[in-house]
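Below, read A as the first sequence line, B as the second, and so on, with proteins coming before strands; counting in each chain starts at 1.
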Protein chains: 2
Amino acid sequence: MQNSKIRNMEELASVSGISRPTLSKYFNDPDSVRASTRKRIEAALETYDYRPNIYAMNQNRRLTKNIGIVVPYLADPFFAEIARVIEDLVIEGGFRPILLSSHGNTQQEIENLDSLQSIRPAGVLMAPLGRNSDVAAAERFCAEVPTVLFDNSIGDLGEAFFGLDNPQSVGTMVKYLCSTGEPPAFFEMRTPTNPNAYKRRNAYIETMEMLGLSPQLIQVDGDTWEFEKIGYEGGLDAIQNRRLGTNTVLCSNDRLAIGFLAAAYECGLRVGRGPSYALRVAGHDDHPYARFTCPPLTTVAQDYAAIATKSVEAILSLIESGERAESRVTTLFSGKLIERVSA
Amino acid sequence: MQNSKIRNMEELASVSGISRPTLSKYFNDPDSVRASTRKRIEAALETYDYRPNIYAMNQNRRLTKNIGIVVPYLADPFFAEIARVIEDLVIEGGFRPILLSSHGNTQQEIENLDSLQSIRPAGVLMAPLGRNSDVAAAERFCAEVPTVLFDNSIGDLGEAFFGLDNPQSVGTMVKYLCSTGEPPAFFEMRTPTNPNAYKRRNAYIETMEMLGLSPQLIQVDGDTWEFEKIGYEGGLDAIQNRRLGTNTVLCSNDRLAIGFLAAAYECGLRVGRGPSYALRVAGHDDHPYARFTCPPLTTVAQDYAAIATKSVEAILSLIESGERAESRVTTLFSGKLIERVSA
DNA sequence: ATAAATAATTTACGCGCGTAAATTTTTGGC
DNA sequence: GCCAAAAATTTACGCGCGTAAATTATTTAT
């Protein structure tokens, strides 16, 4: 295959017999040149090893082919998975994904936005930190770059938002738990960094009251993204000091639940549904590890394939249109109950 | 602060009274200009909002400030964590990390290397897929770009390799297990994608033979990166068909162990050390979730802070020297036994 | 204070490509 | 086979910066 190396488009033009502007058009969009010309170019590309200089391209293009993806915490397999799906869809759309994690850190999120701005992305998909996001910085960024938010929202920033319908998903779970055993207490962080957590708390309270039951919150301390640790330590404390008040616990998310399960196990509490078990524990999100906990975790699955797909579609159509959305559109997806052994 | 926006270095030169070449020097390396000049530049940067065009910079520089980081599977929290540490160290070194995951996929790894090559990185840190890596492609890449491998090695590719001393770590674990109970069987994938897995198998066999014991391999099928699932299904099969042959199981890695624990739990086998337990299970790596399994997993911790630090130091010094290593250096770190409840 | 060393400036060119306008060639419909 | 439309080519300029060489200004040492 690759014979002599080609140094730039000019050289490729000489050896291929195609003019440089036409080659430029081809690399911008292969379908923008005649089929016969495309064949000739691709034949030349087979024999000569050449790829356009990405820096020279991006310097002169009005718009780059870069799409930024910002997630709050990549070490969380949930975000790793959704980022992977998004990356694939972005590539499929002919763009170049740039994945950045904020590592749960405000300053890092700001730097990520800064860093993205300096590469002039065509658009950005962002799952913000939430309470710890620098709203002013995010606002400035969204004013410059077409941005679609997902997972959680800050104010009405961005051109669109795709996320979970927390009232629906939590409501479904609470009703399920109530109809199959004791009403659940709600296990959560006292001051969560994630706005979804507040929505889930409220959804829990509202559903309980709707059912004529009195809600009970078990709130634990912690303000990091080490949710398993927080769930474990808070769970241990709650169990040992008998702050549970019921045999059914609904955790605000699966990672907290994983920690809570570890605490229950350590305390010798058998978790599961039925007379021979001491405790029921449910989670929320259908985290990749939820099916491998002991016992497997009953939870509500987020449709992250849908969230990813719709988010990418939204940013691509924004880019294609070249316009900004007239108003922000919010789309919420339903969660799906996943019955396993734990509750 | 930011008054009028500056469009390029030329404009910054006029308003700051510093010549453009000097500004260029400053942005290349702030310490390369006189302190008084630096002060003046930084003062101007305070009042005028300007950042150099990254594309124009990289187009003309001999060497970019980009450092690529390639991991085989970012949805594995182990790699997510090590990538995070590496990213931080790279930034600290004044470079720009570009994180890419191969998602366990050969084609994706090739594309990652391709993609990296087109951004002309100063250097690359890479944890290869292993058996599924395209050796020829990797070889071609390493010939072009200074590359340091970590976690696992392919042939003697790259300028340096940093990883775990598997014989030491597995040996330690085997000896620990033998001295505290029955000798372990070794639970692993039949044809692992990861070369480390082979080294661990061999280390297990050698240590057992050294102790005058007969090694026993429990091999399960599976060739994806969904290790928990493979461990669970293989574990279920091994337990139900009584293929264990001992009450002690050493898993080739923690993710397999997490799956195996789920299988043991489902079968009603109590896992832990002591007369009241049916089974001991140990893992390897000290995965971020290992302390939250039920029961908490006894394992061998990889010193990934050391691996990350040394890898980054190596690539930075390679870049600084501007030379290629005369010969590849391999550095192996010891694993540390982490005693928890499971074994 | 003077010379030597260091740093900043001026001038000038080039990197590889995008893009626009004017021109020529090719294509498809009749 | 001709003609209008579409596509490719030629020509030419510019993007924002790196970098080199020659010159001038500033600092440091003597």
Where along nucleotides 10-22 of chain D does protein come under 4.0 Å, by heavy atom, of base (B) or sugar-phosphate alone (S), with - for untouched nucleotides? BBB-BBBBBBS--
Taking atom CZ of B:Arg7 as the centre, report whether more than 12 heavy atoms of other residues, nucleotides or ligands fall under 6.0 Å from it.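 Not more than 12 within 6.0 Å, no.
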Between A:His103 and A:Glu109, do the side chains contain a donor N or O and an acceptor N or O under 3.5 Å apart?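 Their side chains do not contain a donor-acceptor pair, so the 3.5 Å distance test is not met.
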Mapping B:Ala35 and A:Arg34 onto DNA chain C by nearest heavy atom, which one lands closer to the 5' end?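 Result: B:Ala35.
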Taking atom C1' of C:dT9 as reference, at what distance in whole Å does atom OH of B:Tyr26 sit?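 One finds 19 Å between C1' of C:dT9 and OH of B:Tyr26, rounded.
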Before accepting this row, confirm whether a basic side-chain N of the pair B:Arg84/B:Glu81 lies closer than 4.0 Å to the acidic partner's carboxylate O.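 Looking at B:Glu81 together with B:Arg84, the answer is yes, because their closest N to O distance falls below 4.0 Å.
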So B:Thr37, base contact, sugar-phosphate only, or nothing? Heavy-atom distance under 4.0 Å.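 Sugar-phosphate contact only.
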Is it the case that the side chain of B:Thr309 and the backbone of B:Ala305 share a donor-acceptor pair, with hydrogens and angles ignored and the cut-off at 3.5 Å?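 Judged by distance alone, yes, a pair lies under 3.5 Å.
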Would B:Phe162 and B:Tyr304 satisfy ring pair (Phe, Tyr, Trp, His ring centres under 6.0 Å), going step by step from the backbone distance to the final call? CA-CA 10 Å; B:Phe162 298 90; B:Tyr304 57 68; over 10 Å; no
Within the 4.5 Å heavy-atom criterion, are A:Ile82 and A:Asp151 side-chain neighbours or not?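 No, side chains not in contact.
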Pairing partner (Watson-Crick or G-U wobble, both distances under 3.5 angstrom) of D:dG14: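 For D:dG14, the partner nucleotide comes out as C:dC17, under the 3.5 Å rule.
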Any-strand Watson-Crick or G-U partner of D:dC2, both distances under 3.5 Å: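 Matched D:dC2 with C:dG29 under the 3.5 Å cut-off.
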